[in-house]
Engineer: 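First the structure, then my questions, so here it is.
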Amino acid sequence: MNTMLRWSPARHFHFHQDADLLEPFFGGPTEDMAPRPSWLPAAEGRLEDGTYIIQFVLPGVDPKAVEVSVMDNLLTIKGERKANHDPTGKDYFVREVAYGAFERSVTLPEGVDAAQVEAKCVNGMLEVRVPAPRAATPRMIEVKAA
């Protein structure tokens, strides 16, 4: 028995994040057609002394334009970097800075107490501190000689 498949040129391209840009034109999944953020801030996280420290790089973003929320075990930051100049009618020779809305989410371990989460922004770095649940903190186990 032969099975017919719908041909999609996008299936043959191997882009890392941008392959789905072709799907509205050539067909493919359309469930997630909501507007996407203009850019994503870089992030890094570590566990230090029983506290998760997650840092987001937000140069040029007004800290008042950033929202931080925790729902269940999902930490989400949202905001917007606004252009402080009028880009129309100007001849730029380079434009690498992205402006507009962003949203980034990080999954936290189960049992995080949202009331204990703290966030501060200094010099374009947003630092979110999340106390680790007791079950998520490593426990050293002594190795005994036989």
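For reference, positions follow the sequence shown, starting with 1.
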Engineer: Table please: side-chain donor-acceptor pairs of residues 55-62 below 3.5 Å, with sequence neighbours left out.
Structural biologist:
from: Gln55; atom 1: NE2; to: Glu127; atom 2: OE1; distance (Å): 3.1
from: Asp62; atom 1: OD1; to: Lys64; atom 2: N; distance (Å): 3.1

Engineer: Does Val128 form a side-chain contact (heavy atoms from CB on, under 4.5 Å) with Val117? I'd like the steps, not just the answer.
Structural biologist: CA-CA 7 Å; Val128 181; Val117 175; 3.7 Å; yes
Engineer: Looking only at non-hydrogen atoms, find the nearest pair between Leu47 and Ala132 and report the distance.
Structural biologist: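 That closest heavy-atom pairing would be CD1-CB, 4.0 Å.
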Engineer: With sequence neighbours excluded, what pairs up with Ser105 under the side-chain hydrogen bond (donor to acceptor under 3.5 Å, both in side chains) test?
Structural biologist: Thr76
Engineer: Restricting to side-chain contact (heavy atoms from CB on, under 4.5 Å), what partner residues turn up for Lys82, sequence neighbours left out?
Structural biologist: Glu80
Engineer: Measure the shortest side-chain to side-chain distance between Val112 and Asn73 over non-hydrogen atoms and say whether it is less than 4.5 angstrom.
Structural biologist: no
Engineer: Show me the pairs that pass side-chain hydrogen bond (donor to acceptor under 3.5 Å, both in side chains) and involve residues 115-125, at least two apart or across chains.
Structural biologist: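 Listed by first then second residue: nothing to list.
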Engineer: How close do Pro133 and Pro109 get, counting heavy atoms only, and between which atoms?
Structural biologist: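 Between these two residues, the closest heavy atoms are CD-CG, 4.2 Å.
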Engineer: Report the distance from atom CD1 of Ile141 to atom NZ of Lys144, rounding to the nearest 0.5 Å.
Structural biologist: 11.0 Å
Engineer: Arg104 side chain to Pro41 main-chain N or O, any donor-acceptor pair under 3.5 Å?
Structural biologist: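 Yes; judged by distance alone, with no hydrogens or angles, the pair exists.
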Engineer: According to a 4.5 Å side-chain heavy-atom criterion applied to Ile, Leu, Val, Met, Phe, Trp and Tyr, with indirect links allowed, do Val68 and Ile53 form part of one hydrophobic cluster?
Structural biologist: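 Each belongs to a different hydrophobic cluster.
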Engineer: Determine which pairs satisfy salt bridge (charged side-chain N to carboxylate O under 4.0 Å, His left out) with at least one residue from residues 41-50, sequence neighbours left out, and list them in order.
Structural biologist: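 The answer is Arg46-Glu48.
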Engineer: Hey, what else clusters with Val94 if you join Ile, Leu, Val, Met, Phe, Trp, Tyr whenever side-chain heavy atoms sit under 4.5 Å?
Structural biologist: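 Its cluster partners, ordered by chain and number, are Phe93.
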Engineer: Under 4.5 Å side-chain heavy-atom separation, chaining through any Ile, Leu, Val, Met, Phe, Trp or Tyr, what else clusters with Leu74? Say none if it is isolated.
Structural biologist: none
Engineer: Membership question, hydrophobic clusters at under 4.5 Å side-chain separation (ILVMFWY): are Ile77 and Trp39 in the same one?
Structural biologist: yes
Engineer: Rounded at 0.5 Å granularity, tell me how far CD in Glu103 sits from NZ in Lys78.
Structural biologist: 4.5 Å
Engineer: Can you check whether Leu108 reaches Ile54 side chain to side chain, under 4.5 Å on heavy atoms?
Structural biologist: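 The answer is yes; the side chains approach within 4.5 Å.
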